[in-house]
Amino acid sequence: MAQHDALTDLPNRVRLRVRMDHALAITREGGSGLAVFMLDLDRFKEVNDTLGHPTGDKLLQAVAARLLECIRDTALIARLGGDEFAVIDYVTNPVVEATALAEKISQALCRPFDLGDHQVTIGIAIAPRDGTNPDEILKSADLALYSAKSGGRGSFRFFEPELDQLMHARRNMERDMRDALAKGEFELHYQPIINAESGEPLGFEALLRWHHPQRGLIMPAEFIPLAEETGLILPIGEWVLRAACNEAAKWPDGLKIAVNLSPAQFRSKELVSTIVGALANSGIVAHRLELEVTETITMHDSEAVLAALDQLHRLGVRIALDDFGTGYSSLSLLQKFPFDKIKIDRSFVNALSGANEESRRIARAVVRFAVSLGKTTTAEGVETEEQLAILREGACAEMQGYFSRPICAAKALKMVRRQLQPVRRRSRDMAAAR
């Protein structure tokens with residue numbers, strides 16, 4: 001009982017280590033190699049969250065049954081906890097045999113379950129090449145599993161020595177990121193949102209930058225995914241909201257501030273109170289804040305997301321659907337979610353003036369469709385006069401792009417003041433005439 005999992009009746013981690021010690025001793029004596037597979041079931045958390053833990057338990061039992069169908073008598077399957085499983089088996093031709101078993105497992109677990117569509121991600125390590133004791137080989141398999149997850153659902157990867165270096169760099173970045181807020185290394189840059197007809201700024205989008213003391217400027221694409229994985233996106237996101245609202249308080253009342261929100265922030269129960277606090281502390285009115293969310297948030301926890309969006313909308317906060325046309329949301333979801341604005345992804349804007357006729361037609365259709373929904377439309381990544389002319393012709397209301405790259409807070413404030421000078425001059429002239 002101490003060496004088996006009560007739910008699936010598979011060996012547990014304790015039994016796995018005993019068996020690995022025995023198997024590794026055989027490999028050291030010049031026998032065959034040992035393949036170690038680490039498995040992670042995709043979308044298991046959604047089953048527990050939406051259907052309950054008893055249903056999740058049934059899914060794990062079904063997974064265990066299918067895994068047993070895939071292996072030989074020489075193999076062992078263990079449940080390590082949650083939705084993590086391990087498989088070990090002897091191999092004489094490691095790459096060929098391990099690949100064949102990984103594909104067999106993937107096919108078995110990709111067949112639909114009664115509880116929905118699930119896939120498995122697999123990391124593979126081979127002993128003694130990738131480790132000579134259970135700790136080393138399991139670590140190698142785990143690193144391969146982490147790498148496989150970046151390859152998308154249903155993929156598998158073999159361990160490579162470079163993965164250890166990448167994981168070390170990842171741990172260093174996570175450590176530095178935890179210190180960055182306290183040390184004031186994060187800052188916001190602001191990209192103007194321009195009226196398509198007049199060319200005047202309507203507001204700014206706040207974009208996060210990290211000034212690392214050794215590595216210099218690090219762009220969001222490099223550290224935001226890690227922040228989301230580790231949960232650091234929550235304190236960082238709260239700082240962004242507060243800093244952006246405080247900066248917007250220095251601008252004229254008509255200018256808005258746009259802030260990007262990640263799916264991880266929407267899963268936080270503190271999101272609405274964080275936004276209310278940022279508005280209260282800065283003193284700006286709710287309708288000046290524009291929250292940009294991607295289509296992918298509508299794919300997970302949709303009821304919780306809808307409730308949060310509705311609550312924010314009732315407060316007066318504007319909601320913008322970012323990267324329109326690149327996600328997976330259906331037309332019914334577009335009707336269901338309370339969006340005020342649609343941001344047309346830059347890939348479609350680039351295609352407007354591209355060489356491919358088919359791409360141009362699709363891009364124009366996307367612009368027309370976005371405008372037809374009756375929401376404010378913003379085109380991202382406008383780089384040429386031709387693109388600007390096409391978007392104006394299509395009645396796109398707002399632009400971001402070559403008008404101005406993202407600028408620091410001081411330059412944004414200077415741009416705003418320069419824009420106000422003609423208005424103030426006209427006001428003085430009118431007062432003098434009276």
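Keep in mind that the numbers below use all heavy atoms, side chains included, and drop hydrogens, waters and symmetry copies.
Under the 4.5 Å side-chain criterion, counting only non-hydrogen atoms from C-beta, Arg17 is in contact with Asp135. Pro11 is not listed as a side-chain neighbour of Arg19, based on a closest heavy-atom distance of 4.5 Å or more. Taking the side chain as every heavy atom from C-beta outward, Leu234 and Ser268 approach each other to under 4.5 Å. At a threshold of 4.5 Å between non-hydrogen side-chain atoms, the residues Leu80 and Phe85 do not count as touching.
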Before giving the answer on side chain to side chain contact (heavy atoms under 4.5 Å, CB included), spell out for Ile344 and Thr378 the whole-Å C-alpha distance, their side-chain angles and the decisive distance to 0.1 Å. CA-CA 6 Å; Ile344 301 169; Thr378 301; over 6 Å; no
Leu291 vs Leu241, side chain to side chain contact (heavy atoms under 4.5 Å, CB included): CA-CA, chis, key distance, verdict: CA-CA 10 Å; Leu291 301 176; Leu241 278 164; 4.0 Å; yes
Could you check Tyr146 against Arg157 for side chain to side chain donor-acceptor pair (under 3.5 Å), going step by step and ending with a plain yes or no? CA-CA 9 Å; Tyr146 178 80; Arg157 295 273 174 88; over 6 Å; no
List the steps, then state whether side chain to side chain contact (heavy atoms under 4.5 Å, CB included) holds for Leu226 with Met177. CA-CA 9 Å; Leu226 179 58; Met177 195 161 33; 3.9 Å; yes
Tell me, with the steps shown, if Asp5 and Thr8 meet side chain to side chain donor-acceptor pair (under 3.5 Å). CA-CA 6 Å; Asp5 172 55; Thr8 61; 2.6 Å; yes
When you look at Glu380 and Lys343, which way does the salt bridge (Lys or Arg N to Asp or Glu O under 4.0 Å) test go after all the steps? CA-CA 7 Å; Glu380 297 182 288; Lys343 297 193 73 174; 3.5 Å; yes
Working note: Arg175 + Arg171, criterion side chain to side chain contact (heavy atoms under 4.5 Å, CB included); need CA distance, chi angles, decisive distance, verdict. CA-CA 6 Å; Arg175 180 201 61 211; Arg171 284 195 295 267; over 6 Å; no
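Not a single donor-acceptor pair under 3.5 Å links the side chain of Arg79 to the backbone N or O of Leu10. With hydrogens and angles disregarded, a donor-acceptor distance shorter than 3.5 Å links the side chain of Glu136 to the backbone of Thr132. Side chain of Asn12 to main chain of Arg15: a donor-acceptor pair is present (N/O by atom type, distance under 3.5 Å, no hydrogens or angles). The closest donor-acceptor contact from the side chain of Arg66 to the backbone of Ala108 lies under 3.5 Å. Under the 3.5 Å distance criterion, the side-chain polar atoms of Gln387 are matched with a main-chain donor or acceptor of Glu383. Remark: side-chain polar atoms of Asn246 are paired, donor with acceptor, to backbone N or O of Arg242 under 3.5 angstrom. Side-chain N or O atoms of Arg288 include one that pairs as donor or acceptor with a backbone N or O of Ala248 at under 3.5 Å.
Note: Leu309 CG to Leu321 CG = 10.0 Å, rounded to the nearest 0.5 Å. The CD1 atom of Ile224 lies 11.0 Å from the CE atom of Met219; values are rounded to the nearest 0.5 Å. Atom CG of Asp322 sits about 7.0 Å away from atom OG1 of Thr294, to the nearest 0.5 Å. Rounding to the nearest 0.5 angstrom, the gap separating the CD1 atom in Ile71 from the CD1 atom in Ile105 is 8.5 Å.
Contact between Glu228 and Ser262 at its shortest, heavy atoms only, is OE2-CB, 2.9 Å. Scanning all heavy atoms of the two residues, the minimum distance from Ala244 to Tyr190 falls at CA-OH, 4.1 Å. Residues Val36 and Ala141 share a closest heavy-atom pair of O-CB, 3.9 Å. Taking every heavy atom of both residues into account, Leu109 and Leu67 meet most closely at CD1-CD2, 4.1 Å. For the residue pair Leu207 and Asn260, the shortest heavy atom distance occurs at CD2-ND2, 4.2 Å. Of all the heavy atoms in Leu413 and Lys250, the pair that sits closest is CD1-O, 3.9 Å.
Donor-acceptor pairing under 3.5 Å is lacking for the side chains of Thr377 and Lys341. Side-chain atoms of His189 and Glu187 include a donor-acceptor pair closer than 3.5 Å.
Atom CZ of Arg13 has 12 or fewer neighbouring heavy atoms from other residues, nucleotides or ligands inside a 6.0 Å radius.
For Phe369 and Phe348, the ring centers are positioned 6.0 Å apart or more.
Under 4.0 Å is where a charged nitrogen must lie from a carboxylate oxygen, and between Asp176 and Arg215 no such pair does. Note on Lys256 versus Glu398: salt bridge recorded, some NZ/NE/NH1/NH2 to OD/OE distance being below 4.0 Å.
Relative orientation of the Trp210 and Phe223 rings is perpendicular, given thresholds of 30° and 60° on the angle between their planes.
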Please table the atom pairs, donor to acceptor, closer than 3.5 Å between any side-chain atom in residues 93-104 and protein atoms at least two apart or in another chain.
{"from": "Glu97", "atom 1": "OE2", "to": "Thr92", "atom 2": "N", "distance (Å)": "3.1"}
{"from": "Glu97", "atom 1": "OE2", "to": "Thr92", "atom 2": "OG1", "distance (Å)": "2.7"}
{"from": "Glu97", "atom 1": "OE2", "to": "Asn93", "atom 2": "N", "distance (Å)": "2.8"}
{"from": "Thr99", "atom 1": "OG1", "to": "Val95", "atom 2": "O", "distance (Å)": "2.6"}
{"from": "Lys104", "atom 1": "NZ", "to": "Cys70", "atom 2": "O", "distance (Å)": "3.3"}

When the side chains of residues 311-319 are checked against the rest of the protein, which donor-acceptor pairs come out under 3.5 Å, sequence neighbours left out?
{"from": "His313", "atom 1": "NE2", "to": "Asp340", "atom 2": "OD1", "distance (Å)": "3.0"}
{"from": "His313", "atom 1": "NE2", "to": "Asp340", "atom 2": "OD2", "distance (Å)": "3.0"}
{"from": "Arg318", "atom 1": "NE", "to": "Glu290", "atom 2": "OE2", "distance (Å)": "3.3"}

